[in-house]
Amino acid sequence: MGGMLNARPSDSQTATHDRVYRALRSRIMHGEIAPGQALTLRGIGKEFGVSMTPAREAVRRLVAEGALFLSTSGRVSTPELTNDRIEELAALRALLEVELASRALPRAHIALIDRLQSINMTVAEMVTKRDAVGYIRTNLEFHRTLYLRAQAPAMLAIAETVWLQMGPTMRALYGRLRRTEPPHYHKLIIAALQAGDEPGLRLAVRSDVTQGLRMLVS
């Protein structure tokens with residue numbers, strides 16, 4: 001019994017650090033924080049109303065995932081990716097996401113296709129509003145919704161860490177692109193799912209996840 005009582009504070013600390021971790025993680029993934037922006041434990045603690053310990057724990061997890069960069073001097077910031085790194089992450093996206101889409105195809109029922117069409121309408125709205133963060137968030141929701149059908153959680157988890165490393169850079173890219181219409185390849189992804197066309201689906205996903213990033217490196 002005593003052991004259980006003693007476990008409580010650490011449980012609540014775990015819950016607190018998890019809340020901070022999840023909030024920061026989604027901010028970074030959706031490009032709400034610019035590349036190379038510094039974060040302080042004090043600033044995080046103040047914003048979330050938590051002590052230094054959960055703030056430090058959340059940051060430690062994000063550094064381990066590659067979402068934050070810790071310099072030798074102890075400065076914590078969002079990553080500023082080199083062209084080589086962007087190229088590598090784009091290649092990873094192509095490998096992982098083509099495989100996820102391919103595995104999702106046999107389980108792509110009508111309800112999934114309807115859901116993807118509806119998310120894509122929201123993506124189009126975000127483009128019209130020039131809402132960069134909303135665009136990145138709904139674009140990733142489109143991809144995640146499809147990939148969940150693959151029932152390959154380990155692969156999806158790795159894909160998400162790639163999105164996480166790229167979030168701030170995607171935001172910078174979006175500002176440069178001046179997009180006026182939703183991604184052309186989303187329509188091709190939906191059409192391939194409807195037709196049960198695996199080669200078409202693989203090509204559409206590969207093009208969708210690499211074409212924007214190519215513009216960053218060029």
Side-chain angles (χ1 to χ4, degrees), residues 7 9-97 99-100 131-137 139-141 143-144 147 153-177 209-218:
S10 65
D11 285 352
S12 71
Q13 276 176 348
T14 304
T16 305
H17 111 247
D18 205 58
R19 175 172 64 84
V20 176
Y21 161 76
R22 284 175 194 284
L24 283 175
R25 189 176 188 269
S26 91
R27 256 183 226 184
I28 295 164
M29 192 184 283
H30 300 147
E32 288 179 54
I33 306 175
Q37 195 171 312
L39 300 175
T40 65
L41 294 179
R42 187 170 281 108
I44 293 166
K46 197 171 166 189
E47 185 186 344
F48 290 96
V50 300
S51 67
M52 294 291 261
T53 306
R56 188 180 294 110
E57 196 53 37
V59 164
R60 196 185 59 72
R61 274 176 79 180
L62 290 161
V63 167
E65 280 189 289
L68 291 174
F69 174 73
L70 179 64
S71 76
T72 45
S73 66
R75 180 181 182 268
V76 174
S77 61
T78 46
E80 286 185 280
L81 303 178
T82 61
N83 282 356
D84 285 350
R85 184 72 170 157
I86 292 166
E87 189 72 76
E88 183 192 352
L89 291 171
L92 255 179
R93 280 199 70 176
L95 285 167
L96 291 164
E97 296 185 41
E99 179 63 25
L100 281 161
D131 177 346
V133 172
Y135 169 77
I136 294 168
R137 191 181 65 247
N139 184 42
L140 291 179
E141 189 192 347
H143 286 272
R144 189 186 279 110
Y147 304 153
M155 212 178 284
L156 180 55
I158 296 169
E160 287 204 350
T161 63
V162 178
W163 298 348
L164 196 48
Q165 290 175 60
M166 302 206 73
T169 301
M170 293 301 284
R171 172 64 181 276
L173 163 68
Y174 185 89
R176 204 184 302 177
L177 271 185
V209 302
T210 58
Q211 52 117 23
L213 301 172
R214 293 250 158 76
M215 293 177 200
L216 256 187
V217 209
S218 57

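Index from 1, following the sequence. Not measured: the values here are computed from a predicted model. Both backbone and side-chain heavy atoms feed into the values below; hydrogens, waters and symmetry mates do not.
Every residue two or more places apart in sequence or in another chain that forms a salt bridge (Lys or Arg N to Asp or Glu O under 4.0 Å) with Glu160 is listed here: Arg25, Arg144.
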Solution key, residues 42-50 side-chain donor-acceptor pairs under 3.5 Å, sequence neighbours excluded:
{"residue": "Glu47", "atom": "OE1", "partner": "Arg27", "partner atom": "NH1", "Å": "3.3"}
{"residue": "Glu47", "atom": "OE2", "partner": "Arg27", "partner atom": "NH1", "Å": "2.9"}
{"residue": "Glu47", "atom": "OE2", "partner": "Arg27", "partner atom": "NH2", "Å": "2.6"}

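Distance CG/Leu96 to CD1/Ile158: 6.0 Å, rounded to 0.5 Å. For the atom pair Leu68 CG and Leu24 CG, the distance stands at 7.0 Å (nearest 0.5 Å). Distance check, rounded to the nearest 0.5 Å: CD of Glu141 to CG of Asn139 gives 10.0 Å. Between the OG atom in Ser26 and the CD atom in Glu32 there is a gap of 6.0 Å [rounded to 0.5 Å]. Atoms CD and OG1, from Glu65 and Thr161 in turn, are 7.0 Å apart once rounded to the nearest 0.5 Å. To the nearest 0.5 Å, atom CD of residue Glu99 and atom CE of residue Met155 are 5.0 Å apart.
The shortest distance between side-chain heavy atoms of Arg85 and Thr169 does not fall below 4.5 Å. Side-chain contact between Leu140 and Ile136 is present, with heavy atoms from C-beta onward closer than 4.5 Å. Tyr135 is not listed as a side-chain neighbour of Met170, based on a closest heavy-atom distance of 4.5 Å or more.
Ring-plane geometry between Tyr147 and Trp163 is classed as tilted, the angle between the planes lying from 30 to 60 degrees on a 0 to 90 degree scale.
Side-chain atoms of Thr78 come within 3.5 Å of backbone N or O of Gln37 as a donor-acceptor pair.
Pairing each heavy atom of Ala159 with each of Leu100, the nearest pair is CB-CD1, 4.2 Å. Here the closest non-hydrogen pair linking Pro79 and Gln165 is CG-O, 4.0 Å. Closest approach of Leu81 and Met166 over heavy atoms only: CD1-CA, 4.3 Å. The two residues Ile33 and Pro168 have their closest heavy-atom pair at O-CB, 3.3 Å.
Counting only residues at least two apart or in different chains, side chain to side chain donor-acceptor pair (under 3.5 Å) contacts with residues 52-62 comprise His17-Arg61, Asp18-Arg61, Glu57-Arg60.
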Residues Arg171, Val133; criterion side-chain contact (heavy atoms from CB on, under 4.5 Å); working and verdict: CA-CA 7 Å; Arg171 172 64 181 276; Val133 172; 3.3 Å; yes
